[in-house]
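These notes concern the structure reproduced below.
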Amino acid sequence: DAGVIQSPRHEVTEMGQEVTLRCKPISGHNSLFWYRQTMMRGLELLIYFNNNVPIDDSGMPEDRFSAKMPNASFSTLKIQPSEPRDSAVYFCASRVAGGITDTQYFGPGTRLTVL
Amino acid sequence: AQKVTQAQTEISVVEKEDVTLDCVYETRDTTYYLFWYKQPPSGELVFLIRRNSFDEQNEISGRYSWNFQKSTSSFNFTITASQVVDSAVYFCALSEPDSGTYKYIFGTGTRLKVLA
């Protein structure tokens, strides 16, 4: 079975450019999470969706960040404009809620470098 | 408030040694789940185990074992006869399904270095 798919795996861009990260959750999973990982701040939850609806975006650092989930099989995290401090690894995770299968599975991550 | 503490920032062992990674959690809920994830140098986060609060049985999977003790709010992870391939950052996490949130609370991770 395919796991969580993220693209691109690596992104290098210049300050001020728009960046779009993509995620395809595991089929049948109804929750999706976006995380950011840096050496300084560790693993941070940015936003999560349940049944395609954003539930909690309190971790989104500022208005430059936005996330959408137009359907159950696709989500995007957009940064516009990007800044060097956005450089990090961004993970997407999905989960099927409830019972003994309540576990988040992570994608391989997107390593973003903003010059 | 909910919290997960991994006090060991980094541990170095020599191959074939046993090593225990500590995880202490705080929660006010009676129903909760605990997790361990592995992040090898390649960067992905790999799910290792999930335990619910009603099941205090210890788990063994090959060289890996987990000791869940509610009395001390701990969920420790032991690797027996460590190997170089075990070198990774290991994260412990907590979720509280009755809180109405789907968030996981992650610890800060323990970096394990297994030396040949």
Side-chain angles (χ1 to χ4, degrees), chain A residues 1 3-6 8-10 23 25-26 29-60 69 88-113, chain B residues 1-10 23 25 27 29 31-57 59 61 66 68 75 88-111:
Chain A
D1 291 339
V4 176
I5 298 171
Q6 291 187 248
R9 295 292 308 277
H10 301 273
C23 176
I26 294 172
H29 283 195
N30 57 356
S31 296
L32 184 141
F33 305 78
W34 283 101
Y35 290 86
R36 178 173 69 176
Q37 186 178 37
T38 61
M39 289 294 292
M40 291 296 294
R41 301 175 69 94
L43 195 61
E44 302 174 275
L45 177 65
L46 301 177
I47 185 172
Y48 72 91
F49 297 83
N50 193 50
N51 294 322
N52 311 338
V53 176
I55 302 299
D56 185 346
D57 64 355
S58 60
M60 296 285 260
M69 192 165 186
V89 179
Y90 291 81
F91 289 100
C92 175
S94 71
R95 158 190 176 271
V96 57
I100 62 173
T101 59
D102 189 349
T103 300
Q104 288 187 24
Y105 293 92
F106 284 78
T110 295
R111 182 174 295 277
L112 173 64
T113 302
Chain B
Q2 64 272 54
K3 187 178 178 182
V4 174
T5 301
Q6 295 181 256
Q8 303 152 309
T9 305
E10 184 169 310
C23 173
Y25 62 93
T27 178
D29 287 8
T31 300
Y32 52 92
Y33 305 135
L34 296 164
F35 306 83
W36 277 95
Y37 286 85
K38 175 182 179 179
Q39 188 173 37
S42 51
E44 70 274 24
L45 277 155
V46 179
F47 164 72
L48 294 179
I49 190 171
R50 173 187 182 279
R51 213 85 192 119
N52 74 51
S53 53
F54 300 118
D55 183 1
E56 284 194 76
Q57 284 190 357
E59 177 96 7
S61 176
W66 291 269
F68 175 31
F75 185 43
V89 180
Y90 292 86
F91 292 93
C92 182
L94 164 73
S95 75
E96 299 169 322
D98 292 345
S99 68
T101 176
Y102 303 99
K103 294 181 181 180
Y104 285 15
I105 308 301
F106 280 87
T108 51
T110 296
R111 182 178 299 276

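Order of the sequence lines fixes the chain letters, A, B, ..., with proteins taken first and strands second; residue numbering starts at 1 for each chain.
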Largest heavy-atom contact set with chain B, pairs under 4.5 Å, which of A/Ile55, A/Asp56, A/Val89: A/Asp56
A/Tyr35 versus chain B, the contacting section by heavy-atom distance below 4.5 Å: side chain
Interchain contact, A/Glu44 with chain B, by part (heavy-atom threshold 4.5 Å): neither
Residues B/Gln39, A/Phe91; criterion side-chain contact (heavy atoms from CB on, under 4.5 Å); working and verdict: CA-CA 12 Å; B/Gln39 188 173 37; A/Phe91 289 100; 3.5 Å; yes
Beyond-backbone contact of A/Ser58 with B/Lys103, side-chain heavy atoms, under 4.5 angstrom: yes
Note, A/Phe106 side chain near B/Tyr37 side chain (heavy atom, < 4.5 Å): yes
Part of B/Tyr104 lying under 4.5 Å from any heavy atom of chain A: both
Separation between OG1 of A/Thr103 and CZ of B/Phe47, rounded to the nearest 0.5 Å: 4.0 Å
From CZ (B/Phe106) to CD (A/Gln37), nearest 0.5 Å: 9.5 Å
Neighbour count above 12 (heavy atom, 6.0 Å) for B/Arg111 CZ: no
CD/B/Glu10: more than 12 non-hydrogen atoms of other groups inside 6.0 Å: yes
